[in-house]
Number of protein chains: 2
Amino acid sequence: MAATILDVADLCGYSKATVSRAFASPDQVAEKTRQRVYDAARALNYTPDAIARAMVRGRTDNIGFVIYEKQYPVVLNPFYSPIFESVLQTCARKGYSLFISSDRDLRLPNGQTCVKKQMDGIILAGQSDAQMVMDLRRQNMPVVVLNNAIDVDDLTCVTTDQYGGALLAMQHLTQRGHRKIGIIAGAFSPHVCTSRYNGYCDALREIGQTIDYRYVQTIEPTAEHATQCASMMLSLPDRPTAIFCTNDTIAVGTMKAALRAGLRIPQDLAIVGFDDSEISHLVEPELTTVRVDKAAMGRIAAEQLVAQIEGEQPQKQVIQTAVELVVRQTT
Amino acid sequence: MAATILDVADLCGYSKATVSRAFASPDQVAEKTRQRVYDAARALNYTPDAIARAMVRGRTDNIGFVIYEKQYPVVLNPFYSPIFESVLQTCARKGYSLFISSDRDLRLPNGQTCVKKQMDGIILAGQSDAQMVMDLRRQNMPVVVLNNAIDVDDLTCVTTDQYGGALLAMQHLTQRGHRKIGIIAGAFSPHVCTSRYNGYCDALREIGQTIDYRYVQTIEPTAEHATQCASMMLSLPDRPTAIFCTNDTIAVGTMKAALRAGLRIPQDLAIVGFDDSEISHLVEPELTTVRVDKAAMGRIAAEQLVAQIEGEQPQKQVIQTAVELVVRQTT
DNA sequence: TGAGAAAATGAGAACGTTTTCACTGAAAGG
DNA sequence: CCTTTCAGTGAAAACGTTCTCATTTTCTCA
């Protein structure tokens, strides 16, 4: 039904090879010819068929962005919004289109055709694991892991200085004189969990404080769970004077528990979050948090992937982007 | 490099036609044959090439989800999260994969190969306009519009009862005795804006109240703009006793302005939002808002699109899903 | 003006599938 | 035992491009 390259060739009197060139590499074709080809194409409402093109070139110039977070089985995790934006721009600059795909597509039974074949490479964000990476690798699919660190040969991971961020947050609290500091940790990927928890421990060690395990809690990272967990921690006879929350959603949930318990923030309870997500400055009082350089993460991940797609050998490396403490009103 | 159907055929001793059938329509092939084909495929690490398959079938079984919101030029708008989830499930049930694409891909210059050809149809969400729909139509691309209503021939739009929702919110306020009610309206698509504004006006008319234009403001729908706008409205000599915000983000920004002005919510100022987004129960006090049936929107849009893809003639219609008032603590 | 270089074009194979049509052999029915 | 049916299979033509190689045309410079 739709016009093909042959129809255009017939109409303008050139061969299909020339028409193809007029679209795919315009500088290989005479100015006059190009004009005639474009005129004919417009007349026929023709655009090159991406599928046929991908078929013969063996590449689609598409990159897939797969977000997999267990607690947010939803692709549209707002945390990734700025990251996506940065990935998108980098891809566009390099000549690639970007598609977000649901994690489910990677999990199709018996390896049937899926995302894979239609993408030149994949950015795997979040709680991805070695298994997922290996699955993709087996199909010769270039992969870069984003916001996680996984131990697989020749695998590039782009993440944040999780440990440094946690240390920053905790040192901020200890410098303000806090000694009884709790942590409410979300069950993220092992890499994120352990790094942030280590930052917590080391900061306490620095001031010679031993860890009080009544102040250490791990939860599903939703605001509701956080509220519940914080309520319990705050009803201890000697409650903590500060709580380090391993992301902003948890911090907001914790704030709610404090307000309900009649505590003033930050006078009675100081709270620090992590991520500097949008909500951190929507709540009242505004949240002190650790800002991660999402733009850099996105850009670097995209650049690494494109390099791989274009033939570079992947290195086993973990690239960490910088963190920064944003002091607002909850401390 | 990667194994093709021919390699598998050679290894298992059948023709490529049979191998193809073993994967594409397993019931047309003898049990014993199918096993041998699968064994050979596994040995060679073969999976069918989706591109080649799409080429000959003339379809990809992919559906594109394009979100275009001006104030959120970011694809990962959390409002769409539950909608996406519902679209995804419906598509999966019908045998389609779903890809989110950036609106930018639709806007490529000179109609070069883009999203279009790799998708069997597109769900256009948000502030799409007639132009975008026509562009896609010209490429014979089935389209359904989501969360907007556009006046184009034979176009199916799935949206919410915007007017009814606004009326519900306003009647709730007037029933509680409010007379001086402000509106802070976000600059959304014309359809959303006018419907919600009409609801506001009609509710006031019902109680014989004339519209005080000092209480009517339109803003870019961010929390910051809302805070600023609400501050001004609240510093009027006779400030409103309630404000209807046309989405939850605006409502949160308005709450912040009220708290900063030392007003108690809801005693001094009642606030109603719209959308029932996640943030509405994260803030303190929790937000009264209008819940829209996102699951239904997603499901219906996907069903309509699939029907179109599979040959049904598109109808010109606007399907409205139900709304419901969720009363929380801000009223 | 003519030779050589460079630019523009065309012919046709290739990309990896699906699918139509024809063929084979086995089961079914009388 | 002969016909009819039907499930299973194979041969080969598509699908709409790109790209190599060869050919023709145009340009450059002595």
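In what follows, chains are A, B, ... by sequence order, proteins preceding strands, each numbered from 1.
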Is the backbone of [Y] close enough, under 3.5 Å, to the side chain of [X] for a donor and an acceptor to pair up by distance?
X: A/Asn147; Y: A/Val158; answer: no
X: B/Thr159; Y: B/Ala149; answer: no
X: B/Thr160; Y: B/Gln162; answer: no

- Task: Indicate for each nucleotide in nucleotides 7-14 of chain D, in 5' to 3' sequence, whether protein heavy atoms under 4.0 Å reach the base (B), only the sugar-phosphate (S), or nothing (-).
- Result: -SBBB-B-
From [atom1] ([X]) to [atom2] ([Y]), nearest 0.5 Å:
X: B/Leu98; Y: B/Met119; atom1: CG; atom2: CE; result: 8.5 Å
X: A/Thr60; Y: A/Arg53; atom1: OG1; atom2: CZ; result: 11.0 Å
X: A/Leu88; Y: A/Tyr96; atom1: CG; atom2: OH; result: 15.0 Å
X: A/Cys12; Y: A/Gln35; atom1: SG; atom2: CD; result: 12.0 Å

- Segment of DNA chain C, first to last nucleotide, that comes within the 4.0 Å heavy-atom reach of chain B: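 From 5' to 3', the first and last contacting nucleotides are C/dG16 to C/dT20.
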- the helix from C/dT1-D/dA30 to C/dG30-D/dC1: angle between its terminal axes, five pairs each, to 10°?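 Answer for the end axes of this duplex: 20°.
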- Message: Can you classify the ring geometry of B/Phe23 versus B/Tyr38 as parallel (below 30°), tilted (30 to 60°) or perpendicular (above 60°)?
- Response: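 Tilted, since the angle between the ring planes falls between 30° and 60°.
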Calculate the interatomic distance between [X] atom [atom1] and [N] atom [atom2]; express it in whole Å.
X: A/Met55; N: D/dG16; atom1: CE; atom2: P; result: 12 Å
X: A/Ile5; N: D/dC15; atom1: CD1; atom2: C1'; result: 13 Å
X: A/Asp49; N: D/dT18; atom1: CG; atom2: P; result: 10 Å

- Would you indicate whether the side-chain heavy atoms of B/Val37 and B/Val29 approach each other to under 4.5 Å?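 No. Closest side-chain heavy atoms not under 4.5 Å.
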- Query: Side chains of A/Val144 and A/Leu124: closer than 4.5 Å at any heavy-atom pair?
  - Reply: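 Side chain of A/Val144 against side chain of A/Leu124, heavy atoms only: no contact under 4.5 Å found.
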